[in-house]
Amino acid sequence: MSMGPYSAKVMDHFMNPRNVGVIENPDGVGEVGNPVCGDIMKMFIKVKDNIITDVKFQTFGCGSAIATSSMATELIKGKTIEEALKLTNVAVAEALDGLPKIKMHCSVLAEEAVQAAIDDYLKKTTGKGLPGFKPHDEPLQEH
Amino acid sequence: MSMGPYSAKVMDHFMNPRNVGVIENPDGVGEVGNPVCGDIMKMFIKVKDNIITDVKFQTFGCGSAIATSSMATELIKGKTIEEALKLTNVAVAEALDGLPKIKMHCSVLAEEAVQAAIDDYLKKTTGKGLPGFKPHDEPLQEH
Amino acid sequence: MSNRTYLDFAATTPTDPSVLAAMLPYFSEKYGNPSSIHSFGQETRAAIEAARQQVAGLIAAKPEEIVFTSGGTEADNQALEGIAWANEKNGNHIICSAIEHHAVLHCAEFLKKRGFAVTVVPVDQDGLVSPEAVAQAITPKTVLVSVMHANNEIGTVEPIREISEVIGRRTKDEGRKIYFHTDAVQTAGHLPINVAELGVDLLSISAHKLYGPKGIGALYIKKGTRLTPFLHGGGQENNRRASTENVPGIVGFGAAADLAAQTMAEENAKLLPLRDKLIKGLTTLIPDVRLNGHASVRLPNNVNVSVKFIEGESMLLNLDMLGIAASSGSACTSGSLDPSHVLLAIGLPHEIAHGSLRFTLGKQTTEAEIDLVLEKLPPIVDKLRRMSPLYPGGKK
Amino acid sequence: MSNRTYLDFAATTPTDPSVLAAMLPYFSEKYGNPSSIHSFGQETRAAIEAARQQVAGLIAAKPEEIVFTSGGTEADNQALEGIAWANEKNGNHIICSAIEHHAVLHCAEFLKKRGFAVTVVPVDQDGLVSPEAVAQAITPKTVLVSVMHANNEIGTVEPIREISEVIGRRTKDEGRKIYFHTDAVQTAGHLPINVAELGVDLLSISAHKLYGPKGIGALYIKKGTRLTPFLHGGGQENNRRASTENVPGIVGFGAAADLAAQTMAEENAKLLPLRDKLIKGLTTLIPDVRLNGHASVRLPNNVNVSVKFIEGESMLLNLDMLGIAASSGSACTSGSLDPSHVLLAIGLPHEIAHGSLRFTLGKQTTEAEIDLVLEKLPPIVDKLRRMSPLYPGGKK
Ligand SMILES: Cc1ncc(COP(=O)(O)O)c(C=O)c1O
Ligand SMILES: Cc1ncc(COP(=O)(O)O)c(C=O)c1O
């Protein structure tokens, strides 16, 4: 059957998303997006010795929102906080063999979901969050 | 082969026009139309005892201009002057089984050509022409 | 690819094989330009006049009231801009409903930039336009009202005759013509249409929605209605639409119109129970599903539901992987990320609007296909809901 | 009907059988709406993107610079209105030549009623536009110049590159963009075109003039050129042209573009001697015949002559009775009674303009057909002249 407008990699992560779910008692939780733009991503992390030992996500959104969430969790699992913070939306999109132009905002959301979870973790552990972190709350796509 | 936009009768009179030519020393000659509108009709009549004994025409123009000229000569040949003056453009068009709407002006020209020839004949014989006769000299079609 | 299930007939239909057969001679054999005086031109001229009769017949109009266009969009644009420009001196106000197709709404926006005022009349929660609301929106400057015959997303059929009556009354009061246009792209060939009974001055059709080819449509223009041409150039279509006629397309449209007139009743008798089975199945088998659009005053082939807590595209893609083709919102805008303006207009919150699915049935649809959807969709919904941060049942 | 001789290829061409074959699957099998996300939509989306490459290839453009339209007329209208509306604030002056197709001239008239000023630049007796005259017509308010690549009636090929150079110079002087559009409906697929070399911002094509189907065309829009959409509605064609894509038409256009690119040189090598034989034959066998249009800078398939003392339609009908299809003036206007604006623009008196005939040759044209015309036309002319009051030889 067809793979729609997406790469095989996107479709794989969409149909078989990795790390779906909730972490009980997470060390950090971040939620980005909003119902108006049609995408909400929630990311849970477990951190031990500055390393992200576990990560899970829940996403309300289109195919690429789910695929980018899944890919982002894969890309930060086992990484240090500093490494995870280096993850860019472009890196997520590239790891998925590209995204349609009108879907690039999903990769931005995924990047921000990681940052939001880390922000929460830092707040909880150090008392202050990620310097300068402020996720978009407007729809990001071109109109 | 096709008969284009015209009736079989129009095509017959166009392909085999009756009474084409010039009458030497005619009793009346009329010319109507002009090169701007693309139609010029010239009609020659011989009159004896108030009866049109011969009629010929020359026409520069489209298929229906030629066919209406031909039909008009047929319709007045052997008729009295008074009868010939009763010929209307509608009668010419009907005798041809109709004309396309944008070609109705050709039948008006044919009617006027007959009147112009009679006008000339009356001028020559009685010294004054057809009362109120004044052919169009503007293109008659809709624009 | 075989074994695929197409349930997106409102987006477009396959050209019926008999329609294609009617078109075939007009590509490489009878190819003359209908404006040409010679035999090649005369044979195609005759063909398009015959097709004009067939299309006119479908809506009980006169052939000379039909102008062929390149599709539904051009018909809508021609109606709005044609009336607007031709009546500029009489007024500059246009009324349309909130759930019109973008071909109407965006064209109205364009006119707004060029000095026209546009009033958008709301709809109720079922998607119905109120004739009273239309009456109230009319001002001394109103030249045109445009309300679609049936909505392409939610299938609600509008009370066109009632709206035409209030417009008629206001026309009398005002002592000046207020034109009434209806976009019948989703109804022509699917519901019986009689333009006189509907009381409209202008009506848009698109052939590819009724088993005709893509790229051809028509605008019905009631005799005596003056409008400024949309396409400027040669004198085709009686000086109402320039450009060499799409002869095969027009011939196909005619054949499709004829076929639709013959088969409509039978088709609908088949589709209605299938539609209702699908609606009932979806709303009972899956919790938190609502039907969008009017429960009964709706197109016989339209099912539109919102599935709470999840998003439409993700359902579509899962269905597509199983060979089932559906749509979320209208096909034209499925490349867009905005939630459907129609679903927002009937009062759905954004996240519910984002979670809508449209199944539109057609000639090829079988009961087995309906059963397939009812079998395959629930587990998809379940899987996606379990992924959703909005789903209460998802949190353990 | 067999044994007919078609010499009206500039009015329209038969769809090449290979083109029709390429289109066929897209009617009833691959019928998805290209905007749909499912497999049915994705397969037609891929098909139109492939066709876009083929059409772009024909004129050395980038695929994203091609917008599909419903034909040459819409492409011309989109170019003029699109630039006019988008640049309203920068200026309101448009320039076009006196021999443009009505799709340009009548659209310019429409814009004139909406506040634009239009300068019509004359042509010389061969139908050539002078680049100097264009330069002089440019004012500080000029936003667009439109000069056709080759004229559809008299076949004269215009000095587009030279005109683009003077516009480029004036653009520099003025410090602001003046757009340049060319109507290449008669040249695309017939003469090699490279948009960069021509130096145009916009270029119109119509598929049915190059052995593609009727009802489909394209506008080349140079990257970075902003223009207001002509058709308002869905987001198709990258938001530049609303309406469900005419998939079979687009696929056919692509195939026709490919074919033309491959066969153009060979075709022209065949047509040139036939054209010249016909011109020579007509002007030597029949007295008082003149060739209209430039003697050498002309389309390889165009013969346009004026036959003094008689009228064009009467010749056409006589030829048609013998199975020979030709045209007098452009096909679009042959229903009209006005003499061709092109023939008047090159300075012909009315009665000579009324007496013109156009033979346009194409793929199917054989030398035997040229010989047939040369055999059949002289007696027709003779017969009609003997009926004409203008013919000196007619009076005994
Ligand atoms: C209600 C309605 N109006 C207009 C259109 C536009 O028709 P087309 O795509 O043929 O231009 C459509 C479909 O796309 C439609 O559903
Ligand atoms: C030079 C020129 N421009 C524009 C057109 C219009 O093209 P179409 O008839 O495909 O709209 C034609 C032909 O009719 C033409 O010859």
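Within every chain, numbering begins at 1; the chains are lettered A, B, ... in the order of the sequence lines, protein sequences first and strands thereafter. Fair warning: this is a prediction, and the values are worked out from it, not measured in the lab.
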Would F27(C) and V19(D) count as a side chain to side chain contact (heavy atoms under 4.5 Å, CB included) if you check the C-alpha gap in whole Å, the side-chain angles of each, and the deciding distance to 0.1 Å?
-> CA-CA 10 Å; F27(C) 286 101; V19(D) 167; over 6 Å; no
Under the side chain to side chain contact (heavy atoms under 4.5 Å, CB included) criterion, do T244(D) and S206(C) qualify, and how do the steps go?
-> CA-CA 10 Å; T244(D) 302; S206(C) 184; over 6 Å; no
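Looking at E81(D), the atoms closer than 4.5 Å to chain C (heavy atoms on both sides) all sit in the side chain, from C-beta outward. For L20(D), the part lying near chain C is the side chain, with the backbone staying farther off; criterion is any non-hydrogen pair under 4.5 Å. Looking at A108(D), neither its backbone nor its side chain comes within 4.5 Å of chain C, counting heavy atoms on both sides. Contacts between Q78(C) and chain D at a heavy-atom distance below 4.5 Å are absent for every atom of the residue. Only the side chain of R241(D) comes within less than 4.5 Å of a heavy atom in chain C; its backbone stays farther off. For a residue to count as touching a neighbouring chain, one of its non-hydrogen atoms must lie under 4.5 Å from one of that chain's; by this rule F230(D) touches chain C with backbone and side chain alike.
Of the listed residues P17(C), P229(C), G32(C), the one with more heavy-atom pairs under 4.5 angstrom with chain D than any other is G32(C). Across P213(D), P14(D), A242(D), the residue that shares the most heavy-atom pairs under 4.5 angstrom with chain C is P14(D). Among E29(C), R114(C), E245(C), the residue with the largest count of heavy-atom pairs under 4.5 Å with chain D is R114(C). Top candidate by heavy-atom pairs under 4.5 Å with chain C, chosen from I216(D), T69(D), L231(D), is L231(D). With chain C as the partner, the residue from M23(D), E88(D), E109(D) showing the most heavy-atom pairs under 4.5 Å is E88(D). Chain C forms the most heavy-atom pairs under 4.5 Å with one residue out of N77(D), D76(D), T13(D), T12(D), and that residue is N77(D).
Listed for the K214(D) side chain is a donor-acceptor partner under 3.5 Å among the backbone atoms of Y31(C). In this structure a side-chain-to-backbone donor-acceptor pair under 3.5 Å is missing from H102(C) to G233(D). In this structure a side-chain-to-backbone donor-acceptor pair under 3.5 Å is present from S28(D) to T15(C).
Nearest heavy atoms, E74(C) versus S70(D): OE1-OG, 4.4 Å. Scanning both residues, E313(C) and I37(D), for their nearest heavy atoms gives CG-CD1, 3.2 Å. Of all heavy-atom pairs between T73(D) and H232(C), the closest is CG2-O, 3.4 Å.
Two residues are said to be in side-chain contact when any heavy atoms from C-beta on lie closer than 4.5 Å; S39(C) and R4(D) meet this criterion. Using a 4.5 Å heavy-atom cutoff, the side chains of H38(D) and Y6(C) are in contact.
For A46(C), the side chain to side chain contact (heavy atoms under 4.5 Å, CB included) criterion is met by no residue, not counting sequence neighbours. Every residue was checked against the ring pair (Phe, Tyr, Trp, His ring centres under 6.0 Å) condition with Y26(C), not counting sequence neighbours, and none meets it.
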